[in-house]
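Input: a single structure, listed below in structure tokens.
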Amino acid sequence: MQEFIDNLGGVAGIPGWTIKAFAIILAALLLELVYRVFIKHLDRLAGKSNHLWDDAVVYAGKRPVSLLIWWQGLIMAARVIAPHSDVIAFDSSLLNAAQQLGLVLAATWFFFRLTTGFEQAFVEERRKRNEYVDLTTVTVLGRIVRIAFVLTGVLTALSVLEIPISGFLAAGGVGGIAVGLAARDLLANFFGGLTVFMDRPFSVGDWVRSPDREIEGTVEHIDWRVTRIRKFDKRPMYVPNATFTTVTLENPSRMTHRRIAEHVGVRYDDFSVLRKVVEAIREYINNHDALDNTQTTMVHFDRFGESSLDIMVYCFTKTVVWTEYHQVREDVLLGVGEIIESFGAEVAFPTRTLKVDLSEQMAEDASAVGSALSERRESDSENGSRSKKGAGKSTKRSRREKETSKQVKTDSGDDEREPRGGDVGGDSGDGGDGSA
């Protein structure tokens, strides 16, 4: 074979090692094409089978085997070129390491895809048999296995490259503290997700709610850092996994029954038939097909309300589906109302009766009127006395003024008072006569 290649190279004027390297690459190409045809045929056969595990194996081997064929073909061609080239990339030790790294990479990729295929096949097989499957557990286990394969591949590659692992471990021990402080929230969410996996308070598809936070909706996806919850208004909510380690969480999806707890009020006028109404409602509740009588069931007259006689109805439905529960609850309430009407009674509505004693009210009104009249009389008497005192004072004043005027204004001839000025009194007359 080697002589044929050398003769062919001599005829074409090309070195024999070049033709040999080209032939190896061409063989790798043809082998990869044959493998593609084979894997497509195998994929069709696997699709016709009743199981999904063979589909997972075919899915795992598609890409990695093709990569391995090309990688090994190139390495073999490089080995042929290496003796005739001084390029350091064609060094035999480097080619050996590259060949081993290709095998490690192809194997790691194969097992990574195989784990994903087995995970999907397991879920589909359980769903085909209408069996319950915990998607959270399956997803987390698949991730753990894939991470294990990746870590194994990385460590194997380091050993192939003759890189000591102890140095990385020491560096990781020193830098781990800094990384831990810097990524504290990230690590908290990671361990929160691990806690969710271990405790499994909820799974994908569960309805969860928290009385401590405004968290309520359906779990859609659980990741290492956050959990996606679809609220009932169809808005997505992304909750960090660390939150689930500090809050109280309810999982209504895991309830066994749904409760009906109501108080139905009857009028006080229907007290005579109250006992019969309660007994009829109790019999109706105990014989209802949609109610579970093995759970706590109570129908009793409970209390004298402000405007009604209250009957307590307490029972549990067999269904936990939200829409079916409301249908059963509606049927129960309508049945209770019909029973009340069948006895001539009525469902009470808020009323209030006001009773007033008229005799007492009239006495209070009379006393109020009498007090008002007495107060008016007292005020009138006080006003009369004041008017009399004012009249006496006015008469005394008039008398005093008259006496004073009599004393001052006497007869003109007999007035012996001395005048205050020269032009006052009788001097004016004398002066007039003298001038004349």
**OP:** Would you give the length of the straight line joining atom CD of Glu283 to atom CD1 of Ile339, rounded to the nearest 0.5 angstrom?
**Re:** 8.5 Å
Original post:
Does the pair Leu68 and Leu103 meet the rule for a side-chain contact (heavy atoms from CB on, under 4.5 Å), with working shown?
Top reply: CA-CA 7 Å; Leu68 183 62; Leu103 292 172; 3.5 Å; yes
Original post:
Got more than 12 heavy atoms from elsewhere within 6.0 Å of CD, Glu306?
Top reply: no
Subject >> salt bridge (charged side-chain N to carboxylate O under 4.0 Å, His left out) contacts touching residues 233-244 (sequence neighbours left out) >> reply: Asp233-Arg235
Original post:
Excluding sequence neighbours, so at least two apart, what forms salt bridge (Lys or Arg N to Asp or Glu O under 4.0 Å) with Arg259?
Top reply: none
Subject >> Minimum heavy-atom distance Met255-Val320, with the two atoms named >> reply: O-CG1, 3.5 Å
**OP:** Output all residues satisfying side chain to side chain donor-acceptor pair (under 3.5 Å) with Arg228, sequence neighbours left out; order by chain, then residue number.
**Re:** Glu220
**OP:** Please name all residues satisfying side-chain contact (heavy atoms from CB on, under 4.5 Å) with Glu124, sequence neighbours left out, ordered by chain then number.
**Re:** Leu52, Arg127
**OP:** Report yes if the side chains of Phe232 and Thr218 come closer than 4.5 Å at any heavy-atom pair, otherwise no.
**Re:** yes
Original post:
When rounded to the nearest 0.5 angstrom, what distance separates OH in Tyr238 from CZ in Arg225?
Top reply: 10.5 Å
Original post:
Atom CG in Leu274, atom CZ in Phe343: separation rounded to 0.5 Å?
Top reply: 11.0 Å
Atom pairs and distances, donor-acceptor, side-chain atoms in residues 56-64, under 3.5 Å, two or more places apart:
from: Lys62; atom 1: NZ; to: Asp43; atom 2: OD2; distance (Å): 3.2

Subject >> Under the side chain to side chain donor-acceptor pair (under 3.5 Å) test, residues paired with His263 that sit two or more places apart >> reply: Asp302
Listing, residues 140-148 side-chain donor-acceptor contacts under 3.5 Å, not counting sequence neighbours, or none:
from: Arg143; atom 1: NH1; to: Ile222; atom 2: O; distance (Å): 3.3
from: Arg143; atom 1: NH1; to: Asp223; atom 2: OD1; distance (Å): 3.4
from: Arg146; atom 1: NH1; to: Thr116; atom 2: OG1; distance (Å): 3.4
from: Arg146; atom 1: NH1; to: Glu119; atom 2: OE1; distance (Å): 2.9

Original post:
For the residue pair Trp322 and Trp207, does the interplanar ring angle fall in the parallel (under 30°), tilted (30 to 60°) or perpendicular (over 60°) class?
Top reply: perpendicular
Subject >> Euclidean distance, Trp70 CH2 relative to Ile25 CD1, rounded to 0.5 Å >> reply: 8.0 Å
**OP:** Measure the shortest side-chain to side-chain distance between Leu101 and Leu161 over non-hydrogen atoms and say whether it is less than 4.5 angstrom.
**Re:** yes
Original post:
Under a 4.5 Å cut-off applied to non-hydrogen side-chain atoms, are Val196 and Phe202 in contact?
Top reply: yes
**OP:** Name all residues meeting the side-chain contact (heavy atoms from CB on, under 4.5 Å) criterion together with Ser210; count only those two or more places apart in sequence or in a different chain, and write none if there are none.
**Re:** Asp212, Arg213, Ile215, Val247, Leu249
**OP:** Would you name the heavy atoms of Ala28 and Ile69 that are closest together and state the gap between them?
**Re:** O-CG2, 3.6 Å
**OP:** State, with a plain yes or no, whether a side-chain heavy atom of Gln99 is found less than 4.5 Å away from one of Gln72.
**Re:** yes
Subject >> Non-hydrogen atoms of Asp270 and Gly344 that approach each other most closely >> reply: OD1-O, 4.1 Å
**OP:** Measure the shortest side-chain to side-chain distance between Glu330 and His326 over non-hydrogen atoms and say whether it is less than 4.5 angstrom.
**Re:** no
Subject >> Nearest atoms (heavy-atom pairs only) where Ile285 meets Thr297 >> reply: CG2-CG2, 3.6 Å
Original post:
Quick one: does Arg254's side chain get under 4.5 Å of Ser203's, heavy atoms only?
Top reply: yes
Original post:
Looking at CG of Leu291 and CD1 of Ile260, how far apart are the two atoms once the value is rounded to the nearest 0.5 Å?
Top reply: 5.5 Å
Subject >> Geometric class of the Phe149/Phe111 ring pair [parallel <30°, tilted 30-60°, perpendicular >60°] >> reply: parallel
**OP:** Begin from the C-alpha positions of Ile39 and Val65 and carry the test side-chain contact (heavy atoms from CB on, under 4.5 Å) through to its verdict.
**Re:** CA-CA 10 Å; Ile39 201 68; Val65 175; over 6 Å; no
Result block: side-chain N/O donor-acceptor pairs under 3.5 angstrom for residues 309-319, not counting sequence neighbours:
from: Asp310; atom 1: OD1; to: Ser308; atom 2: OG; distance (Å): 2.7
from: Asp310; atom 1: OD2; to: Arg303; atom 2: NE; distance (Å): 2.9
from: Thr317; atom 1: OG1; to: Arg258; atom 2: O; distance (Å): 3.2
from: Thr317; atom 1: OG1; to: Thr319; atom 2: O; distance (Å): 2.9
from: Lys318; atom 1: NZ; to: Asp289; atom 2: O; distance (Å): 3.0
from: Thr319; atom 1: OG1; to: Val321; atom 2: N; distance (Å): 3.1
from: Thr319; atom 1: OG1; to: Glu324; atom 2: OE1; distance (Å): 2.7

**OP:** Heavy atoms only: give me the nearest Phe244-Val239 pair and the separation to one decimal.
**Re:** CZ-CG1, 3.7 Å
**OP:** Would you sort out whether Val336 and Glu262 count as a side-chain contact (heavy atoms from CB on, under 4.5 Å), showing the intermediate values?
**Re:** CA-CA 11 Å; Val336 170; Glu262 295 290 339; over 6 Å; no
Original post:
What's the shortest heavy-atom distance between Leu95 and Ala78, and which atoms?
Top reply: CD2-CB, 3.7 Å
**OP:** Measure from the side-chain N and O atoms of Thr108 to the backbone N and O of Leu105, and report whether any donor-acceptor pair falls under 3.5 Å.
**Re:** no
Original post:
Crowded around Met76 CE? As in, over 12 foreign heavy atoms under 6.0 Å?
Top reply: no
Subject >> With Asp269 via side chain to side chain donor-acceptor pair (under 3.5 Å) - residues at least two apart >> reply: none
Subject >> Listed partners of Phe112 passing ring pair (Phe, Tyr, Trp, His ring centres under 6.0 Å), at least two apart >> reply: none
**OP:** Only counting residues at least two apart or in another chain, list the ones meeting side chain to side chain donor-acceptor pair (under 3.5 Å) with Glu32.
**Re:** Arg36, Ser66
Original post:
If you measure from CZ on Phe304 to CZ on Phe271, what distance do you get to the nearest 0.5 Å?
Top reply: 5.0 Å
